[in-house]
Protein chains: 2
Amino acid sequence: MKDITLKQIAETLGISITTVSKALKNYPDVSAKTRKAVLDLANSLQYTPNSFAVNLRTKESRTIGLIIPEVVHHFFSNVINGIIAEAEKNGYLVIILQSNESLELEKKQVELLMSKRVDGIIMSLSNESNDDDHIKELIRREIPFVMFDKISKLVNCSKVIINDQKAAYNAVAHLINKGCKKIAHIRGPVNPQNAIDRFLGYKKALEKHDIVYNSKLVYTCDNVTFEEGKLFAEQIIKEHPDVDGVFVITDLVAVGVLDYFNEIGIKVPQQIKVIGFSNWFMSQVITPKLSTVDQPSYEMGVQSFCLLLEEMNCKKESLSFQPKTIELETKILERESTLEK
Amino acid sequence: MKDITLKQIAETLGISITTVSKALKNYPDVSAKTRKAVLDLANSLQYTPNSFAVNLRTKESRTIGLIIPEVVHHFFSNVINGIIAEAEKNGYLVIILQSNESLELEKKQVELLMSKRVDGIIMSLSNESNDDDHIKELIRREIPFVMFDKISKLVNCSKVIINDQKAAYNAVAHLINKGCKKIAHIRGPVNPQNAIDRFLGYKKALEKHDIVYNSKLVYTCDNVTFEEGKLFAEQIIKEHPDVDGVFVITDLVAVGVLDYFNEIGIKVPQQIKVIGFSNWFMSQVITPKLSTVDQPSYEMGVQSFCLLLEEMNCKKESLSFQPKTIELETKILERESTLEK
DNA sequence: GTAGTTTTCGAAAACGTTTTCGATACTTTA
DNA sequence: TAAAGTATCGAAAACGTTTTCGAAAACTAC
């Protein structure tokens, strides 16, 4: 019950390993007759090349690594889906690792993937990441590399992002158009670029519409959880009872906000309007249905892999590669939570 | 900028490759002095063994494959999480593939993983799977293999499951205890064992409580979606307006049911009580909060990997391995949707 | 029949590691 | 001092594939 090798086929056919290998790979310098003999035998024995040997010889594994903060997350699992689908279409497999939002773990995962010699790496930064040494090392070693969503602007590599600032601007402008005068913002942690950008979009939208920015109306999540949503909703009501709109970093937290408002009987959207971000599935089943910003997560995965593939192919042919940045479109999904009364 | 190899270290140190290899792997037959020299140089050059060569030589890749119906799914993403975590703890990486609930794709993925020569495979069957040839082939080739959740009873391999029948029985008994007299069941597709078992549990609970089973009250999902939940809820109301309880195959569908009831103003739990299955996150944020059966998904992932590891270790030492089945506990989570009035 | 061309094949090196086994050199013991 | 034992090292084979390059055979044309 041992694995079939080229050697065994060669021996039973009385020819050389070289010829067997060539026959299987359609080299022109093998006669039709021997090719057929080889193919027939290989099929009947169910020969599959030993990928360990192929890897060693060709120096590639047709495997890529993916590092994300967490798998159990509506946005990321959709990205994973896109990456896996596109990778498979191109004959690549995907190894997935989690950083659990820890910088230390993220560094370890990068090392792990490098030691496994994956052909390329796709990554979304953890919230803790404010140091790019491990990323720079990746670039220095010329390992094809793509970042998506949570990126570092300081690293020169391909990126797939949305325009967080613009999207946030539009979300807040949407609230203003619906009549909100005093808008709070529950923002993400301090490090991630997209949390910063969404905050900046919030601020800009206020300014453009002649609403004075008030830093007291900004609440900062540490863990970006449902519970934090409830907590900050409570604080908002206590500290600023006249708030009439809330822009929340992501739907999960926004759902926490809605849950609290439901509990204490605050009417959404009549008293306060709420808009989230990312279009999690649950936002369309909660009461009231949550308005949000649609983020093309699956497409983000697909594009990330495409960029990586381009870079991997360039590397294989020793061509130089210019990193690219792809910016995907977002759009406001108006649902019940921002309806005009 | 080439990769460092044993050969290079050996040459700069003027010793043999053998000795370098042994020094790095703490063989006893290398002197303290040379060991230190090797270790120092290896560290300063950031030597990492070429895993392709190691794989070829040792015939293992320290990589396992995972095939699941879909990544974007609360239950499966939690299982993934458990598997990845436990695998990493033991020095294994995980390649994830999706079957998209298609038998054909599932077979292809199995072949792919075999050709990649992963050390083992963990899998949950697709809904279409009613044929085990590809699984049997896996067993025949003696590839360590574990099934979880959606299993085939005909295959002799390790399994991690819950007692779906018992859990369903308890869920329906819970409805009955809360006063329900006429209980509908929205069941899963015809093939998967767990859909069958949950149906059987439903039937048994009725019988034990002297309620006559009525096949008209059973609705069968094809795709197990939110939309199907809404659809069947509508049918139930139309065809059996006196139904006062619904047991639903999984929370996603149950949430669809609740959504329809909310829309047309049917009060849950006053008029109809609803219980789901699996404890998806959204079930605790929807209105009313959904009662459900808690399924230890993360733990299922952990246990699956543990069983696989055991089998892989046995194989490595050429010991025989007896497949085991682990049955995990579930429990009823009582929330608003089954509250007594 | 010879020179040249084309077709078909295989030897061998290479990828980088692990491990067996034998060979030194050095130390201990009687 | 010789024999036995121990510590240290390295040659070489093996894992299975890919690819280069040269050789042999077959065929073409004159």
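Sequence lines set the chain letters: A, B, ... in the order given, protein chains first and strands last, and positions in each chain run from 1. The shown structure was predicted, so the numbers you read here are calculated from the model rather than taken from an experiment.
Distances shorter than 4.0 Å separate some side-chain N or O of A:K59 from OP1 or OP2 on C:dG16. For the pair A:T58 and D:dT17, the criterion of a side-chain N or O lying under 4.0 Å from OP1 or OP2 is not met.
If you check residues 46-54 of chain A against DNA chain C, you find no residue with a heavy atom closer than 4.0 Å. Contact check of residues 11-25 of chain B against DNA chain D (heavy atom, cut-off under 4.0 Å) returns B:I15, B:S16, B:T18, B:T19, B:K22.
Checked by atom type, the side-chain pair B:Q109/B:Q98 shows no donor-acceptor distance below 3.5 Å. Judged purely by distance below 3.5 Å, without hydrogens or angles, the side chains of A:E101 and A:S126 never pair a donor atom with an acceptor atom. Looking at A:T34 and A:S31, their side chains do bring a donor and an acceptor atom within 3.5 Å of each other.
Taking the side chain as every heavy atom from C-beta outward, B:S99 and B:I68 never approach each other to under 4.5 Å.
Atoms CG and CD, on B:N78 and B:E299 in that order, are 12.0 Å from each other to the nearest 0.5 Å.
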**Complete:** Each base of DNA chain D marked ( ) or [ ] if paired in-strand (Watson-Crick or G-U under 3.5 Å), | if paired to another strand and . if unpaired gives ||||||||||||||||||||||||||||||
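The residue among B:L56 and B:T34 whose nearest nucleotide of DNA chain D is located toward the 5' end is B:T34.
Shortest non-hydrogen contact noted between B:L154 and B:K136 is O-CE, 4.0 Å. Here the shortest heavy-atom pairing between B:R35 and B:A23 reads NE-O, 3.8 Å.
Taking the six-membered ring for Trp and thresholds of 30 and 60 degrees, B:F148 and B:F76 have ring planes more than 60 degrees apart, a perpendicular arrangement.
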